[in-house]
Participant: 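Below you will find the structure I want to go over with you.
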Number of protein chains: 2
Amino acid sequence: MKSEVFEVQAEYFKALSHPVRIKILYYLKKGERCVCEIVPYLKEEQSNVSRHLAALKRAGILSSRKEGVSVYYRVEDENVYKIVDLALCSVKKVAREKVALLS
Amino acid sequence: MKSEVFEVQAEYFKALSHPVRIKILYYLKKGERCVCEIVPYLKEEQSNVSRHLAALKRAGILSSRKEGVSVYYRVEDENVYKIVDLALCSVKKVAREKVALLS
DNA sequence: TGATTATATGATTAAATGCTCATATAGTAT
DNA sequence: ATACTATATGAGCATTTAATCATATAATCA
């Protein structure tokens, strides 16, 4: 496999490597949301949220559309949910195995 | 979902967010490998590789066993391959859609 | 025992990331 | 036009990450 491929994958995972960004993804699970909804939901600074959204968009994970003064973000490819869910399952599985080894 | 869950997921993805670490994963796809094989394969400094391996192990993605003076690393849960493959597919899909939009 | 080899780790530095405050931009309304 | 609101972005700072060099540790061998 070409080394550029690894870089592309690493970039994708870097976009997912922050808890606020993961939280945004789950919040968008049922469909697009306006920034004006996302900010109060996260209880983070507006400028900070804006940057997290930009990071996810840069990675191609989110896309956005403008409606008047509002901006709506949505998940570009639902496969991201398979990825984050699998990651959680894997972490749980490994943790369970560790527990089993100790008992 | 609890916020600790997002942190756990983010930690997992942080471990995957470097091209060298992704490359290590694919190299271990067929089974465990000694550090003495991994280092020349990657053509990176030994100390650097050691830290990347440690990062993957800390995240529970790899485990290791010692045999004499050698250390063998292996993938702890094969699901990680579903994750990295899905990520690549998703990036490709989004890229194709962008191309389609432009043509 | 001392020498050699494999791997890990401490210290340093450079670069990247995340957060905050302040400000810019753009759309809407008066 | 001015004022107001929603969102994005620049600048500064603190923290984290990655790379490198040097050294430590531990196993093996002569």
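Chain naming here is simple, since letters A, B, ... match the order of the sequence lines and numbering starts at 1 in each. Because the structure is a prediction, the values reported are computed rather than measured. These numbers come from the heavy atoms of this one structure, side chains and all, not from hydrogens, waters or symmetry mates.
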Participant: Where the side chain of A:C34 is defined as all heavy atoms beyond and including C-beta, which of C:dA22, D:dT7, C:dA6 is the nearest nucleotide?
Facilitator: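 The answer is D:dT7, which lies nearest to the side chain.
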
Participant: Compare the minimum distances between each of D:dA18, D:dA6, C:dC21 and the side chain of A:C36, then state the nucleotide with the smallest one.
Facilitator: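 It is D:dA6.
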
Participant: Roughly, in whole Å, what's the span from CD in A:E11 to P in D:dT17?
Facilitator: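 Answer to the nearest Å: 16 Å.
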
Participant: For A:V20 and for B:V39, locate the closest nucleotide of DNA chain C by heavy-atom distance; then report the residue assigned to the nucleotide nearer the 5' terminus.
Facilitator: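 So the residue in question is B:V39.
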
Participant: Given side chains that start at C-beta, do those of A:Y73 and A:V71 come closer than 4.5 Å, heavy atoms only?
Facilitator: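 Yes - at least one pair of side-chain heavy atoms lies under 4.5 Å apart.
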
Participant: If you look at every strand shown and take non-hydrogen atoms under 4.0 Å, does A:Q46 touch a base, only sugar-phosphate, or nothing?
Facilitator: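 Counting heavy atoms under 4.0 Å across all strands, the contact made by A:Q46 includes a base.
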
Participant: As an exercise, state the distance from CG of B:L25 to CG of B:L62, rounded to the nearest 0.5 Å.
Facilitator: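 Nearest 0.5 Å value for the CG-CG distance: 6.0 Å.
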
Participant: Return the residues of residues 48-76 of chain A meeting this criterion: a heavy atom under 4.0 Å from some atom of DNA chain D. Order them by number, or give none.
Facilitator: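 Those residues are A:S50, A:R51, A:V69, A:S70, A:V71, A:Y73.
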
Participant: Is it true that A:K29 and A:E78 have a side-chain N and a carboxylate O under 4.0 angstrom from each other?
Facilitator: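 No salt bridge links A:K29 with A:E78.
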
Participant: In whole angstroms, how far is the P atom of D:dT7 from the CZ atom of A:R33?
Facilitator: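 Rounded to whole Å, this separation is 14 Å.
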
Participant: Do A:R33 and A:Y27 form a cation-pi contact, if we require the NZ or CZ to be under 6.0 Å from the six-membered ring centre and within 45 degrees of the ring's axis?
Facilitator: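 Output yes; distance and angle both within limits.
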
Participant: Roughly, in whole Å, what's the span from NZ in A:K14 to P in D:dT17?
Facilitator: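 Distance, rounded to whole Å: 11 Å.
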
Participant: Return the value, rounded to whole Å, for the distance between atom CD of B:E44 and atom P of D:dT20.
Facilitator: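 The answer, rounded to whole Å, is 7 Å.
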
Participant: Assign the ring pair B:F13 / A:F13 to parallel, tilted or perpendicular, where the plane angle (0 to 90°) is split at 30° and 60°.
Facilitator: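 Parallel, since the angle between the ring planes stays under 30°.
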
Participant: For the pair made of CD in B:E45 and C1' in D:dC21, what is the distance, rounded to whole Å?
Facilitator: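 Result: 7 Å.
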
Participant: Which value, rounded to the nearest 0.5 Å, describes the distance between A:I61 atom CD1 and A:L53 atom CG?
Facilitator: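 CG of A:L53 is found 12.0 Å from CD1 of A:I61.
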
Participant: Report yes or no: is there a donor-acceptor pair, N or O only, under 3.5 Å between the side chain of B:S47 and the base of D:dC21?
Facilitator: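 Donor-acceptor pair under 3.5 Å: yes.
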
Participant: Between C1' on D:dA18 and CD1 on B:I22, what's the gap in Å once rounded to a whole number?
Facilitator: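 To the nearest whole Å, that distance equals 16 Å.
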
Participant: Rounded to whole angstroms, how far apart are CD on A:E37 and P on D:dA6?
Facilitator: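 Atom-to-atom, A:E37 to D:dA6, this comes out as 12 Å.
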
Participant: Can you hop from A:I38 to A:Y72 via hydrophobic side chains spaced under 4.5 Å?
Facilitator: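 Shared cluster, no.
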
